[in-house]
Amino acid sequence: MAQKQAVSPAHRPRPLSPHLQIYRWPVTMGTSILHRITGVGLSLGAFLIAWWLIAAAAGPDAYGTFLILADHWVGRFVLLGFTLSLVYHLLNGIRHLFWDVGAGFRVRTANATGRLVYGLTILVTLAIWLAGYWVKGDLG
Amino acid sequence: MADLAKSSSPLARAQGAGGAGHGGEHWWAQRVSALALVPLVIWLLVSLVAMVGAPHAQVIAFIAEPYNAVLMVLLIAAALYHSQLGIQVVIEDYIHKESSKWMLLLLNRFLTIGVGAAAIFAVLRIAL
Ligand code: HEM
């Protein structure tokens, strides 16, 4: 703004940022919104855990129904979403707690830990599901 | 750093509340419950994986174990308390019409307590 103007304002290229086609979401914006989405998702998921416990308490028949629904592809899809949400929210929640004691606040650090959380979420979820299939005996 | 002393009125401070009338305590409760949830959720994930596809009798035997029953009750309490605090913030952020806001805040409390009571009752029924 403090620059001397050699060209008239009409000929100077106007600032275009944030440009729709080159605009990129900052990493920290994504992690923050995902923390909220997974928090709400997990609050709904609490109904699933309650249902699991209530079905177990109600007896073998009710538990059998729970198992059939959980084993259906729709059930598995929901459970995969639940695992992803829980792992993400857990890892990013730990990141939040570090911020709360004043650590990891520099932009570069926050971006790096955000990417780390993304990567670890995928790896840990994958490990949990592989372990689950192994326990179930589907992996031989 | 936003500090509580500056952001609240003398009366609100004396009552332990932040600038908005309730900020400080709510914030702390959310952090404390989050901290408690870290080990509890890791325990839950390990336990659930160990019980994938398990028959009813095995699940009952697991929950009936005193350590597991106590941890499960603690997990339910901490998770639902934390969830209720979190959902409250989400509602306050997006719903500005007073009547809708209060309806949803009330629903949030009732549902949380209802689900918590049912889940804890189920654990106790298996364990006791
Ligand atoms: C696994 C351990 C967990 C940790 C470490 C954790 C951590 C946190 C933290 C630090 C916040 C505050 C974020 C902020 O101020 O922006 C938060 C928010 C929240 N959490 Fe958790 N949480 C955990 C588990 C859960 C569970 C199990 C649920 C649901 C049953 C849940 C639901 C929520 C909700 C709804 C919010 C509010 C989201 C928002 O305001 O954007 N969390 N969590």
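Labels below follow one simple rule: chain letters A, B, ... track the order of the sequence lines, proteins then strands, and each chain is numbered from 1.
B:I42 is connected to A:W129 through a chain of hydrophobic side-chain contacts under 4.5 Å among Ile, Leu, Val, Met, Phe, Trp and Tyr, so both are in one cluster. Criterion: ILVMFWY side-chain heavy atoms under 4.5 Å apart, direct or through other members. Under it, B:M51 and B:I63 are part of a common hydrophobic cluster. Under a hydrophobic-cluster definition in which Ile, Leu, Val, Met, Phe, Trp and Tyr are linked whenever side-chain heavy atoms come within less than 4.5 Å, directly or via other members, B:L75 and B:Y67 are assigned to different clusters. Clustering ILVMFWY residues whenever any of their side-chain heavy atoms sit less than 4.5 angstrom apart, transitively, puts B:I113 in a cluster other than the one holding B:L106. Two different hydrophobic clusters hold A:L123 and B:L45 under the rule that ILVMFWY side chains link at heavy-atom gaps under 4.5 Å.
The shortest heavy-atom contact between A:A57 and B:A122 is CB-O, 3.7 Å. Annotation for B:A54 and A:L67: closest pair O-CD1, 3.7 Å, computed over non-hydrogen atoms. Taking each heavy atom of B:V115 and A:A46 in turn, the nearest pair found is CG1-O, 4.3 Å. Across all non-hydrogen atoms, the minimal contact from A:L53 to B:I126 is O-CD1, 4.1 Å. Between B:V49 and A:G132, the shortest heavy-atom distance links the atoms CG1-N, 3.9 Å. Heavy atoms only, all atoms of each residue included: A:A56 and B:V59 are closest at CB-CG1, 4.2 Å.
Highest contact tally toward chain A, considering only B:H82, B:R31, B:Q84, B:R125, is held by B:R31 [criterion: heavy-atom pairs under 4.5 Å]. Chain B forms the most heavy-atom pairs under 4.5 Å with one residue out of A:R36, A:H96, A:K136, and that residue is A:R36. With respect to chain B, the highest number of heavy-atom pairs below 4.5 Å among A:V40, A:L79, A:T83, A:V87 belongs to A:V40. Chosen from A:G39, A:P60, A:G93, the residue pairing most often with chain B at heavy-atom distances under 4.5 Å is A:P60.
Neither the backbone nor the side chain of B:A57 comes within less than 4.5 Å of any heavy atom of chain A. Using a 4.5 Å cut-off between heavy atoms, A:I128 touches chain B through backbone and side chain atoms alike. Heavy atoms closer than 4.5 Å to chain B are found in both the backbone and the side chain of A:I54. The contact between A:W52 and chain B is made entirely by side chain atoms (from C-beta outward), counting heavy-atom distances below 4.5 Å. With a threshold of 4.5 angstrom between heavy atoms, B:V41 approaches chain A through side-chain atoms but not through N, CA, C or O. When heavy atoms are compared at a cutoff of 4.5 Å, B:A79 does not approach chain A at all. Looking at B:V90, both its backbone and its side chain come within 4.5 Å of chain A, counting heavy atoms on both sides. In this structure, chain A has no heavy atom under 4.5 Å from any part of B:I120. The parts of B:V38 that come within reach of chain A are both its backbone and its side chain, each placing non-hydrogen atoms under 4.5 angstrom from that chain. For B:N108, no part lies under 4.5 angstrom from a heavy atom of chain A.
In this pair, B:H56 and A:Y63 present their aromatic rings tilted. The plane angle is within the 30 to 60° band.
No more than 12 heavy atoms of other residues, nucleotides or ligands lie within 6.0 Å of CZ in B:R109, so this atom counts as exposed by the packing criterion. With a 6.0 Å radius and a threshold of 12 heavy atoms from other residues, nucleotides or ligands, B:M103 has its CE atom at or below the threshold.
With rounding to the nearest 0.5 angstrom, the CG atom of A:L44 is 7.0 Å from the CD1 atom of B:I87. With values rounded to the nearest 0.5 angstrom, B:L48 atom CG is found 5.5 Å from A:I49 atom CD1.
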